[in-house]
Each structure stands twice: as C-alpha cells, then as structure tokens.
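These notes are about the structure you will find just below.
In what follows, every heavy atom counts, from backbone to side chain, and hydrogens, waters and symmetry copies are set aside.
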Amino acid sequence: QVQLVESGGASVQAGGSLRLSCGNSAYTYLGTACMGWFRQAPDKEREGVAMIDSRGTATYAESVEGRFTISRDNAGNTLYLQMNSLIPGDTAMYYCAAIWRPRCTIESTASADFTYWGQGTQVNVSS
C-alpha cells in the first residue's frame, strides 16, 4: 500500500524558491520504485517535471532543467523537489507519483504509467 502526501506549496514572487516534499504515509519502502513530480496548470495537460529512479538517476523537463532538483532520502520514502528561480510559468498544482519499476525517465515514462499519486500541492508564482 502506498499513500503519497505532498506538502510545501505556497505563493511566492518570481525569482524565489520553494521546496516540495512527498511522503508515504503507508510507510511502504519505496527505495526500489521510480518516483516523479508532475504539474498541471489550469486548462493545460499534466506534464512531467522531474523523475528519479531507484539508483538515484534524475531526469528533468527542459523547462525546469537547471532550476529544479529532484532528490529522495536514503530510505527512499520521501521525495523532494527543490525549485529555484521560479517564474510565473511554474504556477500549477504539483503532484508526486510512484511506480514499481527500477527505471524511469522524463523522456520514456508517461504519467499514465505511474500507479500511485498524491493529492497535490499548489504553487503560485507572481511576477
């Protein structure tokens, strides 16, 4: 059983930073799972932001490369997204997700492939 819960969303000005967290309230070990962050803005499709596989290899969407960093704790049960140099275009609901496979990348793994999802945390970036 996996129950993902995101936190850390807030309203910030452009140029600011936020750190999102995603915990597993079911305490299932997620070290062998791929985990990712997705976002969805109003009237837009959900898009992958960053993914990290069981080895800790991270991949990013081009729009956030160099500004966002995905990481997970040593136990593998908490996922983070450090977001720096935020821009209004980053405004969206952010979701974490997990799938029981060892490898995943932004390029090859679609949101539909992920099994478990959190409820989302809202990020608003004002200019």
Donor-acceptor contacts under 3.5 Å from residues 41-50 side chains, at least two apart:
from	atom 1	to	atom 2	distance (Å)
E47	OE2	R39	NE	2.6
E47	OE2	R39	NH2	3.2

Do T121 and E6 have a side chain donor and acceptor closer than 3.5 Å? no

Enter the distance from [X]:[atom1] to [Y]:[atom2] here, rounded to the nearest 0.5 Å.
{"X": "W100", "Y": "T115", "atom1": "CH2", "atom2": "OG1", "answer": "9.5 Å"}
{"X": "T69", "Y": "Y80", "atom1": "OG1", "atom2": "OH", "answer": "14.0 Å"}
{"X": "C34", "Y": "R55", "atom1": "SG", "atom2": "CZ", "answer": "9.5 Å"}
{"X": "M35", "Y": "L81", "atom1": "CE", "atom2": "CG", "answer": "12.0 Å"}

If you look only at pairs with a residue in residues 92-106, which of them pass as a salt bridge (Lys or Arg N to Asp or Glu O under 4.0 Å), with sequence neighbours excluded?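 Passing the test, one end in residues 92-106: no pairs.
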
Going by the ring pair (Phe, Tyr, Trp, His ring centres under 6.0 Å) test, which pairs reach into residues 50-70, not counting sequence neighbours? none

Linking Ile, Leu, Val, Met, Phe, Trp and Tyr through side-chain heavy atoms less than 4.5 Å apart, which residues share a cluster with M51?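 M51 clusters with F38, M93, Y95, I99, I106, F114, W117.
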
Output side-chain donor-acceptor pairs under 3.5 Å for residues 10-20, partner residues at least two apart or in another chain, one line each.
from	atom 1	to	atom 2	distance (Å)
S17	OG	N84	OD1	2.9

Please confirm whether the backbone N or O of T32 pairs with a side-chain atom of S54, one donor and one acceptor, at under 3.5 Å?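 The answer is no, because no donor-acceptor pair under 3.5 Å joins these two groups.
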
Taking only residues two or more places apart in sequence or in another chain, which ones pass salt bridge (Lys or Arg N to Asp or Glu O under 4.0 Å) with R67? D90

